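Note that this is a predicted model, so its numbers are computed, not measured.
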Amino acid sequence: MSIEVQFFASLRESLGKQQVTLGYSDGLDVQAVWQQASDGAAMPDNTLCAINMEYVKTETPVNDGDEVAFFPPVTGG
Amino acid sequence: MSIEVQFFASLRESLGKQQVTLGYSDGLDVQAVWQQASDGAAMPDNTLCAINMEYVKTETPVNDGDEVAFFPPVTGG
Amino acid sequence: MPAILLDTVFNPWDELQSYQEKHLQAGRYGATATFVGTMRDFNIDDSVSHMTLEHYPAMTQNFLDKLCAQSREKFALDDCLIIHRYGDIKPNEPIVLTVAWSAHRAQAFDACRYLMEELKARAPFWKKEITAGGERWVHDELRSSEK
Amino acid sequence: MPAILLDTVFNPWDELQSYQEKHLQAGRYGATATFVGTMRDFNIDDSVSHMTLEHYPAMTQNFLDKLCAQSREKFALDDCLIIHRYGDIKPNEPIVLTVAWSAHRAQAFDACRYLMEELKARAPFWKKEITAGGERWVHDELRSSEK
């Protein structure tokens with residue numbers, strides 16, 4: 001019964017954490033996972049969210065066992 | 001006092017000649033050069049013309065010493 | 001149609017040839033379009049000494065694999081290839097290679113560009129530049145010179 | 001920014017690298033877009049055993065030189081390169097290479113494509129294919145498969 005949360009790049013640095021494991025509870029969505037994992041920090045406007053390696057919106061429901069990731073706009077290539 | 005005329009590819013084969021040297025006379029244009037150099041053959045609709053390595057139209061005047069070329073649509077690359 | 005993530009310097013042209021000889025059927029493809037992105041030593045005004053490219057390994061691989069598969073459906077390709085660096089990168093080192101092989105010129109060009117545009121827009125990589133003035137994450141507003 | 005005409009087999013990737021090492025300044029260009037056109041062994045329905053590529057030497061050189069110069073004016077390029085074969089060509093041999101180096105991805109892609117489209121539309125080359133059924137000049141109506 002857990003959710004694994006990951007932060008990348010500038011978000012990882014500004015929050016001071018790379019990975020957090022949360023307990024699972026019914027009715028969680030991506031926004032609620034952020035709130036718990038970030039200790040209530042405001043989510044920057046341009047933050048991107050993924051569940052299990054796929055882009056999702058902040059209102060997407062989260063299931064037990066999901067890997068949820070938060071990161072800034074990408075700058076590869 | 002001469003014009004050098006060149007034919008390429010399928011035009012060269014259908015006319016049976018690669019190069020013809022014509023005497024220069026006043027008032028020549030590309031169409032007239034074709035008529036003389038091809039012995040009066042009809043110019044295929046899609047024929048391209050060049051004077052001194054630059055594309056021109058059939059009504060372009062020809063000067064003494066010019067190199068005039070006729071060829072079919074290009075198919076390089 | 002692989003997407004390959006590497007943390008060491010690679011020669012894009014050698015990789016391309018090696019892949020082509022191994023996987024492409026001689027005489028079938030007529031058009032090969034490629035793009036190589038190379039690290040420059042300037043961005044905006046500061047001189048950049050080197051760069052760290054962070055990624056989200058499993059998602060990055062997943063994203064690029066799907067991008068290759070989508071491109072093969074969207075365009076008439078014989079094959080495509082993506083190679084992308086991560087980790088520490090120095091100026092003049094290749095960062096990314098995209099290749100599209102097709103019987104048709106337009107399809108090869110379009111697919112190669114599609115691979116790059118999608119990768120740039122959505123593949124989870126983040127550049128941090130190390131300059132004389134310190135470290136900085138590359139943000140959108142710093143990328144006008146890359147357009 | 002040379003345009004090179006060759007009557008022998010060439011390796012486009014080796015030529016590209018050799019030119020790049022000699023003429024491009026390390027760390028200045030970030031984007032390299034390339035296209036290679038290779039002879040296929042099929043066109044329409046007949047099997048093509050080989051091909052002869054006729055050209056108009058002085059005009060072809062002149063045209064490609066100007067095309068390189070125009071492209072450098074039209075796009076923000078560090079450099080560009082065209083290599084084109086003429087004479088007898090066998091299946092799977094490269095016919096043409098175009099390369100555009102730029103600081104900017106879009107400029108490199110656009111310029112590389114511009115080089116190829118202009119070359120295809122206007123450079124004085126003519127292909128004659130040798131098939132099981134005899135020789136034939138390639139005409140526009142035979143080129144749909146090349147688009």
**Student:** Salt bridge or not for D:Lys74 and D:Glu118, using N-O below 4.0 Å?
**Tutor:** no

**Student:** To the closest 0.5 Å, what do you measure between OG1 (B:Thr75) and CD (D:Glu129)?
**Tutor:** 9.0 Å

**Student:** Sub-4.5 Å heavy-atom contacts with chain D: which residues of residues 15-33 of chain B show up?
**Tutor:** none

**Student:** I need the D:Leu64 CG to D:Lys66 NZ distance, nearest 0.5 Å.
**Tutor:** 12.0 Å

**Student:** Check whether any side-chain heavy atom of D:Gln25 sits under 4.5 Å from a side-chain heavy atom of D:Asp78, and report yes or no.
**Tutor:** no

**Student:** Under 4.5 Å heavy-atom distance to chain B, tell me which part of D:Ala58 shows up: side chain, backbone, both or neither.
**Tutor:** both

**Student:** Got a second to check how far B:Glu13's CD is from D:Lys128's NZ, nearest 0.5 Å?
**Tutor:** 3.5 Å

**Student:** What part of B:Ala9 lies closer than 4.5 angstrom to a heavy atom of chain D: side chain, backbone, both or neither?
**Tutor:** both

**Student:** Looking at CD1 of B:Ile51 and CG of B:Asn63, how far apart are the two atoms once the value is rounded to the nearest 0.5 Å?
**Tutor:** 7.5 Å

**Student:** So, do B:Leu11 and B:Pro44 sit near enough that their side-chain heavy atoms are less than 4.5 Å apart?
**Tutor:** yes

**Student:** Specify the closest pair of heavy atoms between D:Ala100 and D:Leu77, including all atoms of both residues, with the distance to one decimal.
**Tutor:** CB-CD2, 4.1 Å

**Student:** Counting only non-hydrogen atoms closer than 4.5 Å, can you tell me which residues of residues 80-94 of chain D sit against chain B?
**Tutor:** D:His84

**Student:** Evaluate side-chain contact (heavy atoms from CB on, under 4.5 Å) for D:Phe35 paired with D:Leu115, printing each intermediate quantity in order.
**Tutor:** CA-CA 9 Å; D:Phe35 181 84; D:Leu115 290 170; over 6 Å; no

**Student:** To the nearest 0.5 Å, what is the distance between CZ (B:Phe71) and CG (B:Asn46)?
**Tutor:** 11.5 Å

